[in-house]
Amino acid sequence: MDAGAAGAASATDDLPMTAAISRWKFAVSRQYQYLLDKATPHVLHRWIACLVVAFIYVIRVYIVQGFYIVSYGLGIYILNLLIGFLSPQVDPEIREISDGPSLPTRGSDEFRPFVRRLPEFKFWYSITKAFCIAFAMTFFSVFDVPVFWPILLFYWVVLFSLTMRRQISHMIKYRYVPFTFGKQRYDVKRATAESSTLLPRD
C-alpha cells in the first residue's frame, strides 16, 4: 500500500511540473511570435541582420578552416529558397494548360501584382534560421567531414548557373517579373487637365 501511495504522490507531483513546462513553452513561443510580427514591416533592418549573421558564419568557417560540407548544404538550401522566391505562386505553364493564358497581355488589362510561391518574410526567416543552424553545427566536430572544397564550390556554381538560366528562360517565356513596384499611377497634371476639359463651360 505504501509503494502505491508513493507512486500516486510522485505522479501528482509530476503533473504541476509538466503544466509549468507547457506554460513556459507557450509563453516563450508567444513572445517569439510577437517579436517576429514586430519585425515584419522592417524589411531593410531584417536583411541587414541576416547579412550580419551570414558574415559571422563566414568568419567562423574561415577561422576553423573546415565544415565545408555544411556550407555546401547551406548553399543548396539557399538556392532552393531563391527558386521559390522568384517563382510565381501558380505556375503559368500549368495555368495555361488548364485555363488558357491569364497574365495581362495588353496595357488595358487589369493590374495583377506578382504573387510569390515563397513570400519575402518566409524567405528571409528561412535563410536567417539556416545560417544560425549552420553556425551551431560548426561547434560539433562530427559535421566536419574532410572534403576538397574547390570541387564543392565549382559544383555549386555550375548548379546555380544552370538553375538561374532555366528560371530566367521561364520568366522570359511567360513574361513575368518577380518584383512588383506597385500599381501604375497616372500623372496628376494630366488627370486634372482631362477633368477640366470635361467640365461644362458657361
[X] [atom1] to [Y] [atom2] distance, which is reported to the nearest 0.5 Å:
X: Ile172; Y: Gln167; atom1: CD1; atom2: CD; answer: 11.0 Å
X: Lys173; Y: Ile168; atom1: NZ; atom2: CD1; answer: 16.0 Å
X: Trp156; Y: Leu159; atom1: CH2; atom2: CG; answer: 8.5 Å
X: Lys129; Y: Lys122; atom1: NZ; atom2: NZ; answer: 11.0 Å

ILVMFWY network linking Val43 to Leu118, side-chain heavy atoms under 4.5 angstrom: yes
Out of curiosity, does Val157 fall in the hydrophobic cluster containing Leu152 (side-chain heavy atoms, cut-off under 4.5 Å, transitive links)?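 Linked, Leu152 and Val157 end up in one cluster.
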Report yes if the side chains of [X] and [Y] come closer than 4.5 Å at any heavy-atom pair, otherwise no.
X: Leu51; Y: Phe55; answer: no
X: Arg116; Y: Phe123; answer: no
X: Ser22; Y: Thr18; answer: no

Can you name the side-chain contact (heavy atoms from CB on, under 4.5 Å) partners of Arg165, sequence neighbours left out?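 Partners of Arg165 by the side-chain contact (heavy atoms from CB on, under 4.5 Å) criterion, ordered by chain and then number, come out as Leu162.
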Set of side-chain contact (heavy atoms from CB on, under 4.5 Å) partners for Ile21, sequence neighbours left out: Met17, Lys25
Quick one, Trp124 with Thr128, criterion side chain to side chain contact (heavy atoms under 4.5 Å, CB included). Give me CA distance, side-chain angles, the key distance, then yes/no. CA-CA 6 Å; Trp124 165 82; Thr128 308; 3.3 Å; yes
Residues at least two apart in sequence or cross-chain that pass side chain to side chain donor-acceptor pair (under 3.5 Å) with Trp47, listed by chain then number, are Glu120
Side-chain donor-acceptor contacts of residues 30-37 below 3.5 Å, not counting sequence neighbours, with atom names and distances?
| from | atom 1 | to | atom 2 | distance (Å) |
| --- | --- | --- | --- | --- |
| Tyr32 | OH | Tyr125 | OH | 2.9 |
| Gln33 | NE2 | Asp37 | OD1 | 3.1 |

Give every donor-acceptor pair under 3.5 Å between a side-chain atom in residues 134-142 and any protein atom, sequence neighbours left out.
| from | atom 1 | to | atom 2 | distance (Å) |
| --- | --- | --- | --- | --- |
| Thr138 | OG1 | Arg60 | NE | 3.2 |
| Thr138 | OG1 | Phe135 | O | 2.4 |

Review item, side-chain donor-acceptor pairs of residues 61-88, under 3.5 Å, at least two apart:
| from | atom 1 | to | atom 2 | distance (Å) |
| --- | --- | --- | --- | --- |
| Gln65 | NE2 | Tyr62 | O | 2.6 |
| Ser71 | OG | Tyr57 | OH | 2.7 |
| Ser71 | OG | Phe67 | O | 3.3 |
| Ser87 | OG | Ile83 | O | 2.6 |
| Ser87 | OG | Arg117 | NH2 | 3.3 |

